[in-house]
Asks: 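Below is a structure I'd like to ask you about.
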Amino acid sequence: MTGEWNDLMRDRFRKVDTLAASGTAAYPNDQKVGWTTAAARAAAAGIPPEDLPGKSIRVDIAGRIVALRRFGKATFLVLSDRAGRLQAYLKRDAVGEAAYDLFLSTVDAGDILWVEGTLFVTRTGELTVEAARYRMLTKGIRPLPEKWHGLSDVETRYRQRYVDLIVNEEVREIFRRRARIVSFLREYLVRRDFLEVETPMMQPVAGGATARPFVTHHNALDMDLYLRIAPELYLKRLLVGGFERVFEINRNFRNEGISTQHNPEFTMLEFYQAYATFGDLMALTEDMLSSLAVGIFGDTKFPYQGGTVDFTPPWERLTVAGAVARYGGVPEERLAEEGFLREMAGRLGIPDAATSPPGNLLVAVFEEVAERKVAGPTFVTGYPIEVSPLSRRTDGRPHLVDRFELIVRGREIANAFSELNDPVDQRGRFEEQLLRRERGDEEAHFMDEDFLRALEYGMPPAAGEGIGIDRLVMLLTDSPSIREVILFPQLRKEG
RNA sequence: GAGCCCAUAGCUCAGUUGGCAGAGCAUCUGACUUUUAAUCAGAGGGCCGCUGGUUCGAUCCCAGCUGGGCUCACCA
């Protein structure tokens, strides 16, 4: 790009030369910064504006110049730092004639500036640093987007997220909140004696979910590896190893389409607790997410896309078949009849309605007629075994598993189940998956002999859960697209 | 992967029933020492996404391509 500078950039680059000619560095790195804008505001809080100058509160702050209003022999500017924004006021009389003239001839909106001075409140009521000194810390070459409309072009916002973050304060707030959410969940689990662990992102067998993996290659080992689609099978090995409560917050990778709900890499919280059941995890999830909402909003209710989400416990429980009956308007008992189910699936245009296993069809019908209508938060249970190769069978109902999905606003936020720890049953489930793979199902599980070996040593009875962090953050930041909560969402190559 | 929509100055957007390309902000010059999208006067700034086609002439019409958005499909 250097060499293709437009006129605006050329003007600014000339100012670097002007700085150099005056013996001033355009990119110094030795300036210490004593205050944040927020600390300066706090120092002035509660002091009547007329008393403020007499207090001579001396502060020094640094930040990006996001607004610049020049009045000849005085200039107002707004500095933006990690803590907020604060106005500064530079007077020729205060900073000195030569320094002020250099300021006028070299400083633009978008530069990073340090100022030191005392606090006062302007006639219009704005807390302001009256600068005695200033220093250029970084000269910006590219101009900032327009001050009023800002940057709104979605493609530019994602590709040049740094600019988005500079000018759109609400975007910064989304990612601050995302960090708070992750911290909250981490602390919540640590407080309950869960151990945070890291398991392989590159796996010789991609297991733990039904999804297509990315493949990569290790040259020295001359071995193909898969980017993980889930950490599940490794976390359960740790249960075998004696870590009875473990969790991991990390990226999963799935080689599938991109949409407002899907990014190829996304963040998942998975946690596993020995001697717990999926019922225990429902209670834990209710408590964890409702207290998270309180931590963020001070309330269990919060807005989402023009409506309200209410995380106040207890949450609704619904079975897959019950949901199909309610939202599909069919008698629940008939869904147990294979013929009825196939006929209904066929009518809904579900592929392979005549040949797919009934459990797959039931879930497909659920997703077609019910899921998006579930306002939630709702725990959906009664999942069939065919779609749950890693879940424990329900006692007395061996075609069902002890599993729930948490649905909010028609979207899956969490998936949890009592873990299958019977090595013989698990081997059978893998074999069933292999049959599907032979029939062309690219998402079916591979056989994982080492995982079976681990189960043969004995995995304590346990329950585990995965929570899609990005979707949770979408809910809690009122974001309609997953790209709004991922700093650098995946895009095609820039044209 | 399919359908619909979009791409004009650094940014936000007009516009041309096909005839030398426009505004605001930003930039540059000048005035202005408590402003808040500061104000006032003047100036510069464009491969109208790319490649073809139609036409005397294309930013505009047509086709293809590239990138993006939304919806659907797949999934979490």
Side-chain angles (χ1 to χ4, degrees), chain A residues 5-12 14-15 49 53 66-78 85 87-95 100 104-105 108-110 120-128 130 140-160 163-164 166-167 208-212 229-230 252-270 349-351 363-364 367-368 371-372 405-407 411-415 441-443 466-472 474 480-483 489 491-495:
Chain A
W5 293 348
N6 61 41
D7 291 350
L8 297 176
M9 294 171 69
R10 248 185 291 276
D11 285 340
R12 284 160 163 258
R14 261 187 235 112
K15 294 174 182 179
V66 292
L68 190 61
R69 294 182 282 276
R70 281 169 289 222
F71 285 80
K73 297 184 184 63
T75 297
F76 289 92
L77 54 93
V78 178
R85 296 181 170 191
Q87 180 168 263
Y89 179 54
L90 263 78
K91 257 191 328 193
R92 194 181 198 188
D93 294 349
V95 299
Y100 187 79
L104 280 189
S105 58
D108 292 291
F120 77 107
V121 174
T122 65
R123 278 205 288 257
T124 50
E126 183 91 14
L127 182 67
T128 302
E130 180 166 338
I141 301 302
R142 292 180 181 268
L144 248 32
E146 198 240 348
K147 62 190 171 192
W148 187 240
H149 300 91
L151 176 66
S152 58
D153 180 80
V154 175
E155 182 175 356
T156 309
R157 286 187 48 234
Y158 295 157
R159 286 197 196 280
Q160 301 182 43
V163 183
D164 192 28
I166 289 169
V167 300
T210 52
R212 293 173 56 182
I229 55 176
N252 289 349
F253 307 86
R254 298 190 184 174
N255 204 341
E256 285 153 0
I258 293 176
S259 76
T260 53
Q261 311 294 320
H262 301 86
N263 195 62
E265 52 181 306
F266 61 101
T267 302
M268 185 81 122
L269 161 64
E270 284 204 10
I350 289 164
V363 169
E367 285 168 359
E368 187 65 30
E371 186 170 35
R372 76 196 62 186
E405 288 197 0
L406 172 64
I407 309 291
R411 289 189 204 127
E412 180 187 338
I413 297 295
N415 179 24
D441 181 355
E442 285 187 64
E443 295 182 349
I467 297 181
I469 296 297
D470 311 276
R471 287 185 181 177
L472 182 63
M474 285 170 68
S481 167
I482 200 168
R483 294 180 206 104
L491 300 175
R492 286 176 207 277
K493 265 187 308 201
E494 205 166 352

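Chain identifiers are assigned alphabetically (A, B, ...) following the order of the sequence lines, protein sequences preceding nucleic acid strands; residue numbering begins at 1 within each chain. All of these numbers come straight from a predicted model, not from anything done at the bench.
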Asks: Using a 4.0 Å heavy-atom cut-off, does A/Q87 contact any base of the nucleic acid, only the sugar-phosphate backbone, or nothing at all?
Replies: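 A/Q87: base contact, heavy atoms under 4.0 Å.
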Asks: Return the 5'-most residue of the pair A/T124, A/G257 with respect to RNA chain B, ranking by each residue's nearest nucleotide.
Replies: A/T124
Asks: So, the side chain of A/R471 versus the backbone of A/I413: is there a donor-acceptor pair under 3.5 Å, distance only?
Replies: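 It does not hold such a pair.
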Asks: A/E155 has an atom CD; how far is it from atom C1' of B/G68, in whole Å?
Replies: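 Value for this atom pair: 5 Å.
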Asks: Could you tell me whether A/R85 contacts a base, only the sugar-phosphate backbone, or nothing, with contacts defined as non-hydrogen atoms closer than 4.0 Å?
Replies: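 Since no nucleic acid heavy atom lies under 4.0 Å of A/R85, the category is nothing.
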Asks: Nearest whole angstrom, please: distance from the P of B/C72 to the CD1 of A/I258.
Replies: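 Rounding to the nearest Å, CD1 of A/I258 and P of B/C72 are 17 Å apart.
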Asks: For B/G42 and B/A21, measure between their P atoms and round to the nearest Å.
Replies: 24 Å
Asks: So for A/T122 and B/U36, does any side-chain atom that can act as donor or acceptor lie under 3.5 Å from a complementary atom in the base?
Replies: yes
Asks: At 4.0 Å (heavy atoms only), tell me whether A/N255 reaches a base, stays on the sugar-phosphate, or touches nothing.
Replies: nothing
Asks: Can you give me the closest heavy-atom contact between A/P145 and A/V167, atom names plus distance?
Replies: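 Closest approach of A/P145 to A/V167: CD-CG1, 3.8 Å.
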Asks: What's the gap between B/G46 and B/C11 when it is taken at their P atoms, as a whole Å value?
Replies: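 Approximately 14 Å lies between the P atom of B/G46 and that of B/C11.
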Asks: With rounding to whole Å, what would you report as the distance between B/A63 and B/A41 at their C1' atoms?
Replies: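 Roughly 50 Å separates the two C1' atoms.
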Asks: Counting only side-chain heavy atoms from C-beta out, which of B/U35, B/A76, B/U27 sits nearest to A/D11?
Replies: B/U27
Asks: Side-chain N or O of A/R212 less than 4.0 angstrom from OP1 or OP2 on B/G1?
Replies: no
Asks: Using whole Å, what does the distance between atom C1' of nucleotide B/C28 and atom CE of A/M9 come to?
Replies: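 These atoms are roughly 17 Å apart.
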Asks: Taking all non-hydrogen atoms of both residues into account, name the closest pair between A/P480 and A/M474 and its distance.
Replies: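 Heavy atoms only, the tightest pair is O-CE, 3.8 Å.
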Asks: Please report the shortest heavy-atom distance between A/Q87 and A/T128, naming the atom on each side.
Replies: NE2-OG1, 2.9 Å
Asks: Looking across every strand, which nucleic acid part, if any, lies under 4.0 Å from A/T75 by heavy atom: base, sugar-phosphate, or nothing?
Replies: nothing
Asks: With a 3.5 Å distance limit and no angle check, can you tell me whether A/D470 reaches the backbone of A/T267 through a side-chain donor-acceptor pair?
Replies: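 Confirmed, A/D470 side chain pairs with A/T267 backbone.
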Asks: Distance criterion of 3.5 Å, no angle test: do you see the side chain of A/E126 paired donor-to-acceptor with the base of B/U34?
Replies: no
Asks: Taking CG from A/D108 and P from B/U27, how many angstroms apart are they, rounded to a whole number?
Replies: 6 Å
Asks: Do the non-hydrogen side-chain atoms of A/D93 and A/K73 ever get within less than 4.5 Å of each other?
Replies: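 Sidechains of A/K73 and A/D93: no contact.
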Asks: So, is A/R492 near the phosphate of B/U66, with a side-chain N or O under 4.0 Å from OP1 or OP2?
Replies: no
Asks: State whether the side chain of A/R212 and the backbone N or O of A/E256 hold a donor-acceptor pair below 3.5 Å, judged by distance alone.
Replies: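 Pair absent, no side-chain N/O of A/R212 close to backbone of A/E256.
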Asks: Using heavy-atom distances to pick each residue's nearest nucleotide on RNA chain B, tell me which of A/A209 and A/V121 is more 5'.
Replies: A/V121
Asks: Take the protein atom CG of A/L104 and the nucleotide atom P of B/G30, then report the distance between them rounded to whole Å.
Replies: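 Going from CG in A/L104 over to P in B/G30 covers 10 Å.
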Asks: Whole angstrom is fine here: how far is it from CD in A/E130 over to P in B/U35?
Replies: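 Taking CD of A/E130 and P of B/U35, I get 14 Å after rounding.
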Asks: Heavy atoms from C-beta onward define the side chain here; which of B/A76, B/U34, B/G69 lies closest to that of A/E256?
Replies: B/A76
Asks: Pick the C1' atom in B/C74 and in B/C13, then give their distance to the nearest Å.
Replies: 37 Å
Asks: May I ask you to verify if any side-chain N or O of A/R159 is less than 4.0 angstrom from the OP1 or OP2 atom of B/G67?
Replies: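 Answer no for this pair, as no side-chain N or O of A/R159 is under 4.0 Å from OP1 or OP2.
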Asks: Can you say whether a donor on the side chain of A/D93 sits under 3.5 Å from an acceptor on the base of B/U33, or the other way round?
Replies: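 Yes.
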Asks: Rounded at 0.5 Å granularity, tell me how far CZ in A/R411 sits from CG in A/L472.
Replies: 12.0 Å
Asks: What nitrogen or oxygen pairs link the protein and nucleotides 2-12 of chain B at under 3.5 Å?
Replies:
from	atom 1	to	atom 2	distance (Å)
B/C11	O2'	A/E146	N	3.3
B/C11	O2'	A/G150	O	2.7
B/U12	OP1	A/S152	N	3.0
B/U12	OP1	A/D153	N	2.8
B/U12	O3'	A/S152	OG	3.4

Asks: If you measure from CG on A/L104 to CZ on A/R92, what distance do you get to the nearest 0.5 Å?
Replies: 8.0 Å
Asks: When you measure from the side chain of A/Y158, which nucleotide among B/C70, B/U35, B/G69 comes out closest?
Replies: B/G69
Asks: I need the CD-P distance between A/E371 and B/A73, as an integer number of Å.
Replies: 11 Å
Asks: Quickly work out the A/R12 CZ to B/A26 P distance and round it to whole Å.
Replies: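 These atoms are roughly 12 Å apart.
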Asks: Just to be sure I understand: a Watson-Crick pair is purine N1 to pyrimidine N3 plus N6-O4 or O6-N4, both under 3.5 Å. Using that and G-U wobbles, which stems of three or more pairs involve RNA chain B?
Replies: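 RNA chain B stems, ordered by first number: B:1-7 with B:66-72, B:10-13 with B:22-25, B:27-31 with B:39-43, B:49-53 with B:61-65.
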Asks: Considering only side-chain heavy atoms of A/R372, which listed nucleotide, B/U33, B/G69, B/A73, is closest?
Replies: B/A73
Asks: Does a nitrogen or oxygen in the side chain of A/S259 sit under 4.0 Å from OP1 or OP2 of B/C74?
Replies: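 For B/C74, OP1/OP2 do not have a side-chain N/O of A/S259 under 4.0 Å.
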Asks: Give each protein N/O atom lying under 3.5 Å from an N/O atom of nucleotides 38-42 of chain B, with the pair distance.
Replies:
from	atom 1	to	atom 2	distance (Å)
B/A38	OP1	A/K147	NZ	2.4
B/A38	OP2	A/R69	NH1	2.9
B/A38	N6	A/R70	O	3.4

